Number of protein chains: 2
Amino acid sequence: MVTLAEVAQHAGVSASTVSYVLSGKRSISATTRQRVEQSIRELGYHPNAGARALASSRSNIIALMVPLRTDMYVPVMMEIAIAVATTARTHGYDVLLLTGEEGPDAVRRVTGSGLADAMILMDVELDDERLPLLREAAQPSVLIGLPADTTGLTCVDLDFRATGALCVEHLAGLGHRDVAVIGEAPAVYERHTGFAERTLDGLRSRARETDVRLLHRPCEGGYDAMAVTLARVFDERPGTTGFVVQNESAVEPLLALLRQQGRAVPEDVSVVAICPDQVAVQASVRLTSVSIPAQEMGRRAVEHLVAKLDGRGADEVVLLAPELTVRASSGPAAS
Amino acid sequence: MVTLAEVAQHAGVSASTVSYVLSGKRSISATTRQRVEQSIRELGYHPNAGARALASSRSNIIALMVPLRTDMYVPVMMEIAIAVATTARTHGYDVLLLTGEEGPDAVRRVTGSGLADAMILMDVELDDERLPLLREAAQPSVLIGLPADTTGLTCVDLDFRATGALCVEHLAGLGHRDVAVIGEAPAVYERHTGFAERTLDGLRSRARETDVRLLHRPCEGGYDAMAVTLARVFDERPGTTGFVVQNESAVEPLLALLRQQGRAVPEDVSVVAICPDQVAVQASVRLTSVSIPAQEMGRRAVEHLVAKLDGRGADEVVLLAPELTVRASSGPAAS
DNA sequence: TTTGGTTGTCGAAGCGCTTCGACAGCCTAT
DNA sequence: ATAGGCTGTCGAAGCGCTTCGACAACCAAA
């Protein structure tokens with residue numbers, strides 16, 4: 001294990017000089033810098049992370065809390081996590097992976113131990129237990145998601161209200177009057193996950209404005225659950241011609257069932273999904289969809305955090321504008 | 001920020017005593033221990049991670065390298081990652097998330113800086129550039145996956161060879177004579193990912209033994225790619241009655257296409273998938289499948305690592321035995 | 001009573017780094 | 001020539017913890 005002192009000796013300078021070469025916090029003559037850099041390379045020196053953290057009280061680590069459950073949005077979570085990790089690296093940070101399992105304790109542990117300089121939280125509930133801790137914490141944090149009370153917090157999320165509105169608007173514009181919403185699993189609503197409720201909000205308010213009748217049904221993923229839900233939908237509203245699907249794992253089952261019932265997409269029934277683009281283009285019908293900008297969210301979260309760590313940037317709620325891409329699953333309502 | 005010294009003062013003991021209470025490395029009288037623990041609680045003390053790492057040269061962090069690409073097995077990767085994180089926590093370790101992006105440099109950075117005490121690598125290629133570094137590293141490591149040369153390494157993986165054999169065996173036992181294998185995307189084979197080749201190996205050798213004719217076709221995920229592939233299969237082997245699918249994102253498209261062509265599953269055609277159980281039961285036909293024990297793999301990897309860190313346990317290759325669950329997608333060959 | 005072994009506690013050294021103040025050397029303006 | 005301001009470098013003090021050796025205090029055996 002090569003140390004700073006050894007590099008200094010090898011280069012014939014003092015330890016502090018080597019440190020300043022590394023950090024760039026004081027000016028160093030070109031010749032000295034080169035000599036030091038040469039020694040670093042020759043000896044294969046890597047600064048010790050612990051020592052650095054201790055001396056500078058900066059760990060250069062960002063903690064990322066991911067939800068423990070894998071009952072929803074797995075690809076989205078993964079994409080966000082990877083975007084966070086790669087973006088963090090470009091700013092010289094590493095990422096610590098925490099699962100939601102520990103809950104508030106994890107926040108205490110991280111803020112108390114100086115393990116991480118900052119935190120990113122995913123899957124935030126409307127009234128999350130962790131929020132008070134974050135407000136008091138010395139370390140900055142960013143939420144991916146939107147809780148009920150955002151004072152003193154910074155959040156990044158898709159504007160799900162606008163997303164809901166956009167979906168209805170699209171279908172209304174095509175002449176659909178009866179629209180069914182296939183929502184997330186009931187459990188998601190029960191734990192008051194913000195995005196699900198906000199989407200519903202957007203759907204409903206725009207439906208009112210455009211004179212669309214809305215039927216909202218939560219739905220577990222999978223074929224069987226979707227079959228039951230779909231039967232109920234057509235039972236209650238036989239004239240349904242439009243679908244908005246928020247549950248990723250209900251999309252393909254829905255398409256299969258519609259096909260099976262002889263309802264053509266998009267001739268008889270239009271489907272709009274809220275899902276990552278990748279899912280939309282891989283489906284058996286290329287789906288008209290509002291994409292979930294997972295990478296963008298991860299990237300933005302890290303950049304906000306880095307700004308805060310550098311003393312720039314203040315608390316702020318960033319809602320990304322939804323974009324609807326028309327593909328092959330939606331068309332004019334049959335009339 | 002409360003320090004050890006402050007706790008010591010508050011409890012009326014020396015710093016080292018507090019340290020020994022925390023670590024349990026020396027015996028402490030019950031009364032002293034209680035007094036110290038009381039002070040820790042009252043002051044809300046959390047040991048500083050950096051200081052600890054520096055003094056003990058142990059960071060209590062395990063690095064996890066996940067593949068950057070999300071072109072395959074996303075749910076599996078996610079499940080492994082979460083299993084690693086939760087298992088690590090039960091042993092007092094945190095997990096650092098690294099993406100494959102940096103490649104060998106990431107290994108150097110981690111081993112050089114003492115950032116982590118150990119590493120877990122996913123998505124290992126047959127002849128991975130990172131392997132030589134791992135063999136030399138002071139820190140122990142575990143691979144999830146199986147490279148060509150495993151000397152000096154410890155690996156955990158599903159026995160994909162046996163998995164392939166098991167799939168063929170099941171279909172052969174049902175009387176199928178012409179079996180098509182829908183493989184991973186061509187890129188996966190090109191980069192010599194071990195599991196894909198080993199599966200193929202197992203499929204082929206058992207096919208030879210059971211007198212089954214095999215047709216292997218790599219396939220990008222998605223509906224369109226599957227349609228092209230399927231057309232080719234029936235073109236070349238019209239008598240095909242069995243399918244083994246390794247590419248998760250080809251499963252649902254395959255089922256949809258078969259249905260569309262009027263081929264009933266499992267009456268006309270049997271399908272066996274290699275995928276997580278969750279995917280198998282959520283499909284439009286409940287799939288006969290060999291499950292990928294993602295959680296188990298993550299757990300085993302961590303436990304091996306912890307054993308090594310404790311001075312127990314040696315290098316070893318652990319191949320988990322595959323298990324085939326018969327569901328509704330396979331049945332006797334029509335004859 | 002002395003000796004020897006435990007048990008529980010303490011003090012001090014040091015892990016490898018950052019950072020502050022000091023200062024030598026030089027250049028420019030007086 | 002002198003004062004003042006830069007630049008580039010160094011020494012030393014710590015960051016908060018672990019850990020080693022030392023050593024009182026006690027008990028049991030001789």
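Quick caveat, the model's predicted, so the values are computed rather than measured. In what follows, chains carry the letters A, B, and so on, assigned in the order in which the sequence lines appear, proteins first and then strands, with residues in each chain numbered from 1.
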Nearest-Å distance for atom pair CG/P, residues A:D117 and C:dT18: 14 Å

A:E6 CD - C:dC15 P separation (whole Å): 11 Å

A:N48 CG to D:dC17 C1', straight-line distance once rounded to whole Å: 13 Å

NZ/NE/NH1/NH2 to OD/OE distance under 4.0 Å, A:E102 and A:R109: yes

Side-chain donor or acceptor of B:T17 paired with backbone N/O of B:V13 under 3.5 Å: no

Short side-chain N/O contact from A:S14 to OP1 or OP2 of D:dC10, under 4.0 Å: yes

Of B:A51 and B:G12, the one whose closest DNA chain C nucleotide lies more 5': B:G12

B:D105/A:R89 ion pair, N-O < 4.0 Å: no

Side chain of B:S56 - closest among D:dC17, D:dT19, C:dC17: D:dT19

Expected output: side-chain A:T87 to main-chain A:V84 donor-acceptor under 3.5 Å: no

NZ/NE/NH1/NH2 to OD/OE distance under 4.0 Å, B:R300 and B:E303: no

Distance in angstrom units between A:L4 CG and D:dC10 P, rounded: 13 Å

Short side-chain N/O contact from B:S19 to OP1 or OP2 of D:dT18, under 4.0 Å: yes

Whole angstrom value for the distance that separates P of D:dG14 from CG of B:L54: 17 Å

Short side-chain N/O contact to D:dC10 OP1/OP2 from A:T17, under 4.0 Å: yes

Atom pair CG (B:L4) and CZ (B:R52), whose distance is rounded to the nearest 0.5 Å: 8.5 Å

Between P of D:dC17 and OH of B:Y45, the distance in whole Å: 3 Å

Side chain proximity check, B:Y93 to B:V302, heavy atoms < 4.5 angstrom: no

D:dT19 phosphate, OP1 or OP2, under 4.0 Å from B:K25 side-chain N/O: yes

Integer-rounded Å distance: C:dG16 C1' and A:L22 CG: 12 Å

Strand contacts (DNA chain C) in residues 26-42 of chain A, 4.0 angstrom heavy-atom criterion: A:R26

Spacing of A:Q9 atom CD relative to D:dC10 atom P, expressed in whole Å: 13 Å

Phosphate OP1/OP2 of D:dC20: any B:Y20 side-chain N/O under 4.0 Å: no

